Amino acid sequence: MSAPDAGAVAAGTKVAAAVAGVDDPGEVLGRLLPGAVVDHATVEDLSGGPWATAEPDTVALVAGTPTDLRRLVSLRDALPGAKRVVVAILRTPSWQDTPRVALPRGVGQRHLRELRVTRLDATGWLITTRFARELPAGDVAAAVAHGFTGHHLNAYPLPVAGLGDAVLADWRPGDPTATCDDTPEPSGITSCDVGITLPGAAWEDERAPTVERPSWRQTAWDMIGSPGGHDRLGWLTPEHVPPVDERSVNPRGFRKTPTAGIGEIAARADGRWTALADGAEIVAFPASGLVTDADVDRLRGLRGLRLNWRPAHSGPIAAARIVAGLAAAGVPLVASRPAPAWASATLGEDLLALIPDDPADLADDLRREEISVRLRRCALRSHGLTARWTALAAGAGLAVPTSPTVSVVLATRRPGLLGFALGQIARQRDVDLEVVVALHGVSAADPAVVAAVDAFDRPITVVEVDAGLPFGAVLNAALERCSGTLIGKWDDDDWYGPGHLSDLLLARLYSGADLVGVASEFFYLEQINLTIRRGWPSEIMADHVAGGAFMISREALAALGGFRPVPRAVDVDLFRRLLRAGGCLYRTHGLGFVARRSARRGHTWQEPVGYFLHRAKDQWRGFRPSRLMELDS
Amino acid sequence: MIVSAFAGGSAVAALVALPLFGVATWPVAVQLAISTATLTALAMTFLAVRRADGKALRIDQRVKRQEAALADVREQLSALAAQVGSVAERVRDESRSVRAALGEDRAELAAHTATLSAHDDRLAEISAAVARIEALLGDKLLPEVRSRGDFGQVEAMIDLRALLRPRAPLPRLRGWAASPDVLRLLIERIAVTRPKLIVECGSGASSVWLGYAVERYGEGRVVALEHDERHLRATRDLVTAHGLDAIVEVRHAPLTPWRSFPWYDTAALTDLNDIGLVFVDGPPGNTGHLARYPAVPLLLPRCSPSAVIVLDDTKRPEEQEIVERWLREFPELSATAFPMEKGAMVFQRSGL
């Protein structure tokens, strides 16, 4: 690592440094802050007491990766303040945008006097800030971490968490609303809704319920194997595995076409797992089992990763954390069966059942991606932060916000297709939805409409719209009747997998984008009975998604004024306006959507068959959707 | 140095004595003596210093040698300390590895134990289910099975009636009387072996059925031994009613002690020879322990070589003991068990 430009920190400056995810902090800090008098503490040590440097000139936050920086964000209360705050991130994923500092307006941003963002080595970043007055370093960490995601707010719709020890920061990463102080406030209001403490540790505020969670050291194999270690086996449950930081470790950056073969997880001499490709180490996982976004990025080129269950990293919880993290990121995994007992106990049988035991299953790109999607779905829903804390809060008797409701907007002028479309909406899983059907020049009394609506067993609203109105206006008419938090657009003649909407919800959860949609990959060309797959990259921030398969918040759509009242290209226009307005789009996988292209007039897409054939990456005779569509024919 | 001092002292004394001999004046002699004494003192000092220096040199050399030895020891010690530290580190690592391996095994074992416990629970559930099934069998299905046994008896009775066609009503069988299935066994034997003399220990409806069988298949006779007079009369009446007086003789034989067993009076046996079939269905069990045991000791000598002895009620423990004794005491006998309602055992002499 080369030293940053002179002037970042002057020689002799008193620096308090908090470090996360760095193997050799002394060496890194020496290179990063030459000449400075540095007092540093790692995440695990931050609860150790007051800083040796009482009034530092500068606070340095050094994180190995953006994922590590998010661990520091949760420890805002334990970090000192200063007029100068330096944030260094040593490695970032290849897809990571340039960092920005999104401080709260009027509070932090108002006092910002100097901001420098410079490259640190090949993929790192150094952010140097100077303020007019002292600012908590945690606020700067939160601002930088916030800039790495698409989320408008740097918080979770979950109960406020109190961390009993800094080592428990992994339980609520990236959340600046988390507290680190269990002292009862004189106001009578508890500092948190639920506290998380180390087993047997004291928690002063008795009004807030607490749950005990061990650190990775307490669940290390040698602790379990020591006298009395049998009692620690009771911790081997999914609920005791630290959650996957889904806003950082997620499918983003997935590569459909890998460049390398199947890698392997092997144990080093110290027992830690390491990922090898052709015998060379790509990623050495830390003893805590934390998987970072940069680690995942390094594994993206692999076709898959074979797990060797024994020996199992530093401990069962840490090992489970690695597997859950990799699965949540959609890294295709292969493992022998049966899995050891600790894996079943900590990961759950559902997730293990999705890990194939034959590497040949990953040989085909499409099958490989299907396995990846199934893994990420299961891991995010069972080991993601939102899922874990929802369960944890429910266990503590706390009310948890319900998942957002989706209003599916379906505009059609072909009553004969309404039953087909509603049938596909009816089989959507893991989503609370309503349907608003806009009949474009069709009567609601049409027998086909009546039959389709009667057969639909979820909330449905039917709107009749004049045939003369343009398509955008038809959609807007439907939007006026929507009551859901989110709007999902649906085409009447396309095929959707049963996990389509729930996959969009997941993508929205981890990307934070204003609009999430699927990649337009699969097309069925009805004229020539051919299915093609285009090679659109997915799991990226993009400028467009499939027009018939996206989801946007009702609030954002309203802010954009809804759809433009134009006859066609309403979706592309919406995407353009959203981007120009400062929003972002995220394109998730396209395996749960097949667009139908038939020889007919009036479709919003008018491209001839040749257009698709020239752009096809794969093509199959007949109707050949992915297995995630769960269609027999 | 002592020699020098002595020489010096002698020289001084000689010099001091020079004026006495007039060789020198006193001042000169004294001056010479002082000079000589001074030189002697200097010489002695020089010698003393030289001696001390030699000692110091030797001590220095010794110290250096010891220092070198100490340095060697120090080096060895530090090498040893490094070695011990390295070994300790290795032991720590290996201990950690061993404990880690133990931890993995412990987790696996605990899971297997939990699985076994679950299996135990499942086994307990299955046992409970089996108990419930057994109870159900006892309450509902066994009566049905029993009724199926009844069916077997009815079937045997139908066979008997079809074969022998009794001429008058007969008292019901089973209970104290012989069961139809045993009677069918006896009648099958009669049909095959056509015995000339049949002896029945005890009498009743079976006597009539045996009489009918002899009438149908043979030309012999039936002698039924009966100790109870009331029963004797009833059976005789029954025999008469069926017109079998010529074939069936119900002979009164009160129970008299034979050895320690109360059995039919042996006087009633005197004319019974060349017996072809013995049906042991009396005396009743309540007349004494192993009440039917004497049948073989007393009747076997009176049987033909091919005679068949049928013992009824062999499901009862007492009859089973009788069987064991007969087989033990009469090795020439072999036995075949028949799964009749109350159990029956057929004895024959071996080799036949």
Side-chain angles (χ1 to χ4, degrees), chain A residues 214-238 240-241 265 267-273 287-289 307-323 336-349 352, chain B residues 67-68 70-137:
Chain A
S215 68
W216 69 266
R217 283 198 182 92
Q218 292 173 305
T219 54
W221 284 122
D222 59 328
M223 299 297 284
I224 291 173
S226 298
H230 187 273
D231 296 342
R232 294 168 194 257
L233 293 175
W235 289 333
L236 301 192
T237 69
H240 285 81
V241 178
I265 290 271
R268 304 197 320 184
D270 60 0
R272 282 166 56 188
W273 272 355
S288 67
L307 298 173
N308 290 310
W309 294 116
R310 296 180 181 85
H313 197 52
S314 58
I317 295 289
R321 198 178 173 199
I322 291 174
V323 178
S336 58
R337 289 183 180 144
W342 64 263
S344 305
T346 52
L347 292 167
E349 293 292 349
L352 290 177
Chain B
E67 277 180 349
L70 275 175
D72 283 349
V73 169
R74 196 182 301 119
E75 272 178 25
Q76 285 171 1
L77 271 176
S78 61
L80 197 62
Q83 206 175 343
V84 167
S86 162
V87 168
E89 186 65 30
R90 205 162 58 240
V91 167
R92 249 197 311 276
D93 287 348
E94 284 178 5
S95 155
R96 196 179 299 120
S97 301
V98 168
R99 279 184 287 131
L102 279 175
E104 283 194 64
D105 291 346
R106 177 177 265 178
E108 206 68 20
L109 280 174
H112 286 309
T113 308
T115 309
L116 280 177
S117 300
H119 286 176
D120 283 348
D121 294 345
R122 183 79 187 120
L123 203 60
E125 283 176 23
I126 291 170
S127 298
V130 168
R132 283 198 299 277
I133 290 167
E134 282 176 349
L136 193 69
L137 281 173

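Values below: every heavy atom of this structure, side chains too, minus hydrogens, waters and symmetry copies. Just so you know, these numbers come straight off a predicted model, no measurement behind them. Below, read A as the first sequence line, B as the second, and so on, with proteins coming before strands; counting in each chain starts at 1.
- When the candidates A:P311, A:P316, A:A220, A:G315 are compared by the number of heavy-atom contacts under 4.5 Å with chain B, A:P311 comes out ahead.
- Applying the salt bridge (charged side-chain N to carboxylate O under 4.0 Å, His left out) test to every pair with at least one member in residues 78-87 of chain B, sequence neighbours left out, gives no pairs at all.
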Using distance alone, with no hydrogens and no angle check, list the donor-acceptor pairs under 3.5 Å between chain A and chain B.
| unit_1 | atom_1 | unit_2 | atom_2 | d |
| --- | --- | --- | --- | --- |
| A:I224 | O | B:R106 | NH1 | 2.7 |
| A:S226 | O | B:R106 | NH1 | 3.0 |
| A:S226 | OG | B:R99 | NH1 | 3.1 |
| A:A312 | N | B:E104 | OE2 | 3.3 |
| A:A341 | N | B:E108 | OE1 | 3.2 |
| A:A341 | N | B:E108 | OE2 | 3.3 |

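- Nearest approach of B:A107 to A:L236, heavy atoms of both residues: CB-CD1, 4.3 Å.
- Between B:A110 and A:L233 the shortest heavy-atom distance is CB-CD1, 3.4 Å.
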